[in-house]
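Everything on this sheet refers to the single structure shown next.
By convention in this document, chain letters (A, B, ...) are assigned in the order of the sequence lines, proteins followed by strands, and residues within each chain are numbered from 1.
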There are 2 protein chains.
Amino acid sequence: MDHTNIAPEQRPQHNGAPPAPARRAHRYERPKVAVDTVLFVVDGGRLKTYLVQLKSGPLRGKWAFPGGLVRVGEMLDDAARRQLLSTTGLECAYLEQLFTFGDPSRDPRAHVVSVAYMALISDPARVAVPSHKYAAGGWYEVPGQLPPLAYDHALIADYALSRLKAKLAYTNIAAFVLPKSFTFKELEDLYAAILGRSLDRRNFRRRIAAMGLLKKLPVKRYGPHRPAGLYSFRKQTLQVVQML
Amino acid sequence: MDHTNIAPEQRPQHNGAPPAPARRAHRYERPKVAVDTVLFVVDGGRLKTYLVQLKSGPLRGKWAFPGGLVRVGEMLDDAARRQLLSTTGLECAYLEQLFTFGDPSRDPRAHVVSVAYMALISDPARVAVPSHKYAAGGWYEVPGQLPPLAYDHALIADYALSRLKAKLAYTNIAAFVLPKSFTFKELEDLYAAILGRSLDRRNFRRRIAAMGLLKKLPVKRYGPHRPAGLYSFRKQTLQVVQML
DNA sequence: ATCCGGATGTGTCAACTTGACACAAAGGGT
DNA sequence: ACCCTTTGTGTCAAGTTGACACATCCGGAT
């Protein structure tokens, strides 16, 4: 996230005072709205997320998720997509709002309310072209050591991962990270990578079958061992299975 | 929600054009941030929510959840509490962020991004003193016929109710709607009112007991019939029970 | 042609959970 | 003493979950 265009006179006063009424500011002064997006990809059985390194400002050198200010007239989702595209060159297959972080001190420069998003891309062309707006950009394995994060992005990272884990259980969200067709083993490895633990193959197949979201394709993938049946998701839009 | 102090030149252009870049606005023009809170109470076995009627503006006469613009330097939660207090005179026992609605056309006057909250009060003094900022205010049963809602508040209402229902299943969120001590029947009626269906008494007791969030008090409530044992929640903060 | 290696694909059983269901107990009121 | 109404409790069948082992299939090597 890089909140450019923040006028210096709009900095909030964070002088250690208790929750001040914060009304000494100009009458029309208001918090700004940003979006920050946690972009996930599964690469080689590892779950990874994209971070950019800030080039300037008090947080120079710290890392952050792609994001930026929302424009007037712009949908929040569109802002997230726009920032993602301009920062990484990637168009996400899935985008979901997570939570809104509004602590006035989360950004030392100004009061910026940030709507956090989670995005998924189906692996193929993950050629993230580093934006010139940032010092660097790259994929980091998660859960794992991330570089020092700016703002409250460590919170956002935790939140995104837990949401992603939860959604695996009752949606076809995996459809957005996998290619059109895939083997059961690939699906299992995806779940294992995201959940951070291995799964029992038989029980996993039973569970997935019970969800009824898969379609068995009449082809197999041949390799040096027994061929694996190929599957695809029935729907390419998010499906939620009932589980009262 | 009443977004006062919105300068007229800050209206977005909604002229039917496709998702326009929306950049003809002034460089420093940005969406505003508001909070809107769905306040729930259970009264006489009925779930109700508080609405205010707008006094002026293009949506005059429509009803809305209490809310308003966030100030610079203010936490989102604090903004929600402040609006709730100034609108109803009530302090909520529980407050939870739901979702952020950012459609630029949700408010015809300006682009206002609204962070929706759900709040609960433990019934006693629900003497909502109507604020002079609104034409009227009152409790409406939900689910049920609500008056015509402004903005996208019908969406928010649905979202809040479904979140509340879901949380009953795996948290002690009921603690914030009930008095300190209560009978099992009162708890059951609360669940029934919120879920909108009756529950089997024996199965309900089994489930609640399994959650392990209740404490049996050594007193009983005497009435015209068999006395009922009194219970209280062990913790008065939100507890989430594991259910993988 | 046969064998081997390694990944794919399948069934059972015990433990637990869920939903349906009926009757006894405890008071106050008459 | 009896009645009325509400509270409080157990069982059983059906379904679900987690643990567990072995046969199948193909390519490649012998």
Nucleotide C:dG27, atom P - distance to CZ of B:R221 in whole Å: 16 Å
base_contact_polar (D:dT6 base, B:H225 side chain, donor-acceptor, <3.5 Å): no
Test item: B:T88 side-chain N/O and B:L85 main-chain N/O as donor-acceptor pair under 3.5 Å: no
Between C1' of C:dA24 and CZ of B:R226, the distance in whole Å: 8 Å
Between C1' of C:dT8 and CG of A:L230, the distance in whole Å: 12 Å
Length of the CG-C1' vector between B:D200 and D:dT9, whole Å: 12 Å
Protein-nucleotide distance (A:K220, atom NZ; C:dA7, atom P), rounded to Å: 17 Å
Check: B:R206 side chain, C:dG19 base, donor-acceptor under 3.5 Å: yes
Near-ring test B:F176/B:F233, centroid separation under 6.0 angstrom: no
OP1 or OP2 of C:dT10 under 4.0 Å from side-chain N/O of A:R205: yes
B:E188 CD to D:dT6 P, straight-line distance once rounded to whole Å: 13 Å
Atom-to-atom span, CZ of A:F184 to P of C:dT8 - whole angstrom: 12 Å
Between P of C:dT17 and CZ of B:R202, the distance in whole Å: 20 Å
Residue list, side-chain contact (heavy atoms from CB on, under 4.5 Å) with B:A166, at least two apart or on another chain: none
Check against side-chain contact (heavy atoms from CB on, under 4.5 Å), A:K185 and A:R221: CA-CA 12 Å; A:K185 182 71 161 94; A:R221 173 177 302 167; over 6 Å; no
Short side-chain N/O contact from B:R201 to OP1 or OP2 of D:dG8, under 4.0 Å: no
Sugar-phosphate, base or nothing in reach of B:P224, heavy atoms under 4.0 Å: base
Closest to side chain of A:N203, choosing from D:dT7, D:dG18, C:dT8: D:dG18
